[in-house]
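We number each residue from 1, following the sequence as shown. These numbers were taken from a predicted model, which means no experiment stands behind them.
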Amino acid sequence: REMSKAKLPWAWSAGVCTRKWKCEALSMCILPDGDIVTGGRSGNLQRWNTAGSLKAELYVGAPLWVVRFCSQLNVIITGGDNRMVGLYEQQLDNCKATFAGHTDVIRAVCSLASGNIASGGGDCLIKLWDHKTGECKSTWHGHTATVRDLVTLSDGVTVLSASWDSSLRLWDSINGVCLRHLQQHTDRVLSVSANTPQGTTTAYSVGWDDVVRVWNTTTGEQLSVWHGHTQYVLCVHGLPNGDVITGSKDGTLGLWTVLGQRVGTWQGHTNSVRAVASLTNGNIVSCGYDSTARLWVGPPLFWNKQEACRYPQLVQAWLVFVVAVCSASTSKEMSEWLWWETFAWLVGPLTAHLTAGCNVPELICYNLKPDG
């Protein structure tokens with residue numbers, strides 16, 4: 001409550017959904033070129049561009065619960081009902097390798113700086129795999145229920161795990177020992193994120209207790225608890241500017257500042273939001289149990305405070321561009337679309353600026369009808 005009285009920092013306040021396409025995805029990852037790879041119940045790996053066009057597809061044969069991109073090996077890593085870790089080329093033309101050893105569904109994978117891969121799942125175990133030989137180098141014991149998510153901290157060695165046993169654990173991947181046991185969640189933990197500007201010191205976790213918990217991974221201390229979603233939270237993702245985005249069973253995406261203020265509520269999904277990820281240009285991709293994937297664009301000039309200071313110049317340059325295009329365009333539809341896009345682009349940032357420091361329950365949301 002004390003945090004809610006603080007002046008709102010520069011941040012996205014309104015998310016505009018610019019693309020929506022049918023996609024039965026349970027998990028996804030972003031490739032270096034900006035394409036999106038999804039995996040779902042159908043057992044298909046699918047590669048999409050940001051326009052929602054399917055570029056490639058590969059049938060794996062079993063539902064895929066987790067899809068991650070490994071930058072060290074330039075491959076896509078998967079895990080699912082077939083109880084095997086799969087490595088696939090970015091073009092989805094073939095499977096490079098599979099690692100077998102788990103005795104139940106694999107629900108989490110992550111890659112280390114060395115290129116080795118950690119995986120966890122329904123057998124309550126975490127296994128570390130040698131990416132060259134496929135050998136299981138070590139098995140980590142500790143969780144008493146399904147391992148639901150894994151992330152590597154910025155040191156490339158420490159792994160943070162989230163489990164249905166309502167806890168998180170920090171692991172030394174070199175020695176395979178548990179460094180810390182974080183126990184503040186009151187129900188299943190579903191997702192964890194540590195890709196934040198603070199490096200290895202801060203992590204975020206979400207789950208069935210409907211809140212976002214913030215952790216100091218050095219001390220194991222819980223720093224804060226954020227309330228806002230009305231139902232349990234399935235996914236959390238740290239953004240490069242320090243903000244955090246979450247997806248919930250209530251069908252919304254929440255945008256949070258580092259102070260725990262929920263400054264954005266993005267509505268569009270008609271069922272649970274299963275996964276979220278960010279593109280290099282700041283756009284957000286989400287997929288949900290409504291069998292859709294959505295591309296969201298927040299006001300780009302508030303990516304950070306330095307860009308916010310350029311607001312007048314950005315507006316002037318954009319308006320000059322719109323006037324020039326509309327004057328030269330012979331398409332009435334194109335001209336109308338550009339003007340409405342300009343309106344939407346201006347309203348979101350101005351709303352955030354005008355309401356900064358005000359005690360408002362929600363920032364203004366808007367929707368443009370086809371008839372204007």
Side-chain angles (χ1 to χ4, degrees), residues 14-69 76-82 86 88-93 95 105 107 109 190-191 229 231-237 245-255 264-298 333 337 340-341 344 365 367-370:
V16 180
C17 180
T18 60
R19 294 282 189 279
K20 180 183 77 170
W21 64 92
K22 185 175 178 59
C23 176
E24 297 181 357
L26 296 172
S27 183
M28 65 179 170
C29 67
I30 307 299
L31 300 182
D33 61 2
D35 282 354
I36 305 154
V37 176
T38 61
R41 295 182 187 276
S42 63
N44 287 321
L45 266 179
Q46 297 176 313
R47 177 169 175 165
W48 311 81
N49 60 23
T50 53
S53 299
L54 183 63
K55 297 179 64 175
E57 186 172 17
L58 180 66
Y59 181 63
V60 176
L64 297 171
W65 289 98
V66 58
V67 179
R68 294 288 183 266
F69 178 70
I76 299 162
I77 312 172
T78 67
D81 280 4
N82 61 3
Y88 296 87
E89 299 283 359
Q90 295 186 45
Q91 301 303 322
L92 302 185
D93 47 11
C95 177
V105 177
R107 293 183 178 268
V109 295
L190 301 180
S191 180
H229 285 293
Q231 298 186 61
Y232 62 78
V233 190
L234 287 91
C235 51
V236 60
H237 181 71
I245 191 147
T246 55
S248 169
K249 188 178 186 296
D250 60 20
T252 67
L253 281 79
L255 180 68
T265 299
W266 301 359
Q267 299 177 332
H269 284 284
T270 58
N271 206 331
S272 305
V273 180
R274 185 63 175 75
V276 291
S278 58
L279 302 176
T280 54
N281 62 2
N283 292 348
I284 301 295
V285 184
S286 64
C287 61
Y289 283 133
D290 57 359
S291 299
T292 66
R294 294 172 183 261
L295 179 67
W296 305 82
V297 181
E333 290 77 10
W337 177 83
W340 282 117
E341 283 292 304
C365 297
N367 191 9
L368 302 179
K369 300 177 67 174

**Prompt:** Do T50 and R19 come close enough that some side-chain heavy atom pair is under 4.5 Å?
**Reply:** no
**Prompt:** For the atom pair SG (C287) and CE (M28), what is the distance rounded to the nearest 0.5 Å?
**Reply:** 4.5 Å
**Message:** Determine whether a donor-acceptor pair (N or O, by modelled atom type, separation under 3.5 Å) exists between the side chain of N271 and the backbone of D290.
**Reply:** no
**Residue pair L92 / I76, side-chain heavy-atom distance below 4.5 Å** = yes
**Message:** Let me confirm one number: the OG-CG distance from S278 to N283, rounded to the nearest 0.5 Å.
**Reply:** 9.5 Å
Only distances under 3.5 Å count here; give the side-chain donor-acceptor pairs of residues 59-66 to other protein atoms, sequence neighbours excluded, each with its distance to 0.1 Å.
{"from": "W65", "atom 1": "NE1", "to": "D81", "atom 2": "OD1", "distance (Å)": "2.8"}

**Message:** Between T252 and H269, do the side chains contain a donor N or O and an acceptor N or O under 3.5 Å apart?
**Reply:** no
**Message:** To check you understand the geometry: which heavy-atom pair defines the closest contact between L253 and S286, and what is its length?
**Reply:** CD2-CB, 3.9 Å
**Request:** Please name all residues satisfying side chain to side chain donor-acceptor pair (under 3.5 Å) with Y232, sequence neighbours left out, ordered by chain then number.
**Result:** none
**Prompt:** Side-chain contact, heavy-atom cut-off 4.5 Å: I284 with L279?
**Reply:** no
**R274 side-chain N/O to L26 backbone N/O, donor-acceptor pair under 3.5 Å** = yes
**Request:** Find the distance between OG (S191) and NE2 (H237) and round it off to the nearest 0.5 Å.
**Result:** 10.0 Å
**Message:** side chain to side chain contact (heavy atoms under 4.5 Å, CB included) for R294 and V285? Distances and angles first, verdict last.
**Reply:** CA-CA 6 Å; R294 294 172 183 261; V285 184; over 6 Å; no
**Asked** Is it true that the side chains of W296 and T18 contain a donor and an acceptor less than 3.5 Å apart?
**Response** no
**Complete:** Taken in chain and number order and not counting sequence neighbours, the residues that satisfy side chain to side chain contact (heavy atoms under 4.5 Å, CB included) with S272 are L234, K249, Y289
**Request:** Check side chain to side chain donor-acceptor pair (under 3.5 Å) between T78 and all other residues, then give those that pass, not counting sequence neighbours.
**Result:** none
Under 3.5 Å donor-acceptor pairs involving side-chain atoms of residues 29-43, not counting sequence neighbours:
{"from": "D33", "atom 1": "OD1", "to": "D35", "atom 2": "N", "distance (Å)": "3.0"}
{"from": "D33", "atom 1": "OD2", "to": "R47", "atom 2": "NH2", "distance (Å)": "2.4"}
{"from": "D35", "atom 1": "OD2", "to": "R47", "atom 2": "NE", "distance (Å)": "2.8"}
{"from": "D35", "atom 1": "OD2", "to": "R47", "atom 2": "NH2", "distance (Å)": "3.0"}
{"from": "D35", "atom 1": "OD2", "to": "K55", "atom 2": "NZ", "distance (Å)": "2.7"}
{"from": "T38", "atom 1": "OG1", "to": "W48", "atom 2": "NE1", "distance (Å)": "3.0"}
{"from": "S42", "atom 1": "OG", "to": "N44", "atom 2": "ND2", "distance (Å)": "3.4"}

**Steps toward side chain to side chain contact (heavy atoms under 4.5 Å, CB included) verdict (T246, V276)** = CA-CA 7 Å; T246 55; V276 291; over 6 Å; no
**Message:** Restricting to non-hydrogen atoms, name the atom on W266 and the atom on I245 that form the minimum distance, rounded to 0.1 Å.
**Reply:** CZ3-CD1, 3.6 Å
**Request:** Please say which of H229, Q267, Q231 ends up in a side-chain hydrogen bond (donor to acceptor under 3.5 Å, both in side chains) with D250.
**Result:** H229
**Complete:** Shortest non-hydrogen pair, K20 vs T292, comes out as CG-CB, 4.1 Å
**Message:** Using every non-hydrogen atom in the two residues, find where S27 and R68 come nearest and quote the distance to one decimal.
**Reply:** OG-NH1, 3.3 Å
**Prompt:** With sequence neighbours left out, what residues match E24 under side chain to side chain donor-acceptor pair (under 3.5 Å)?
**Reply:** none
**Request:** Please report the shortest heavy-atom distance between Q91 and A56, naming the atom on each side.
**Result:** O-CB, 3.7 Å
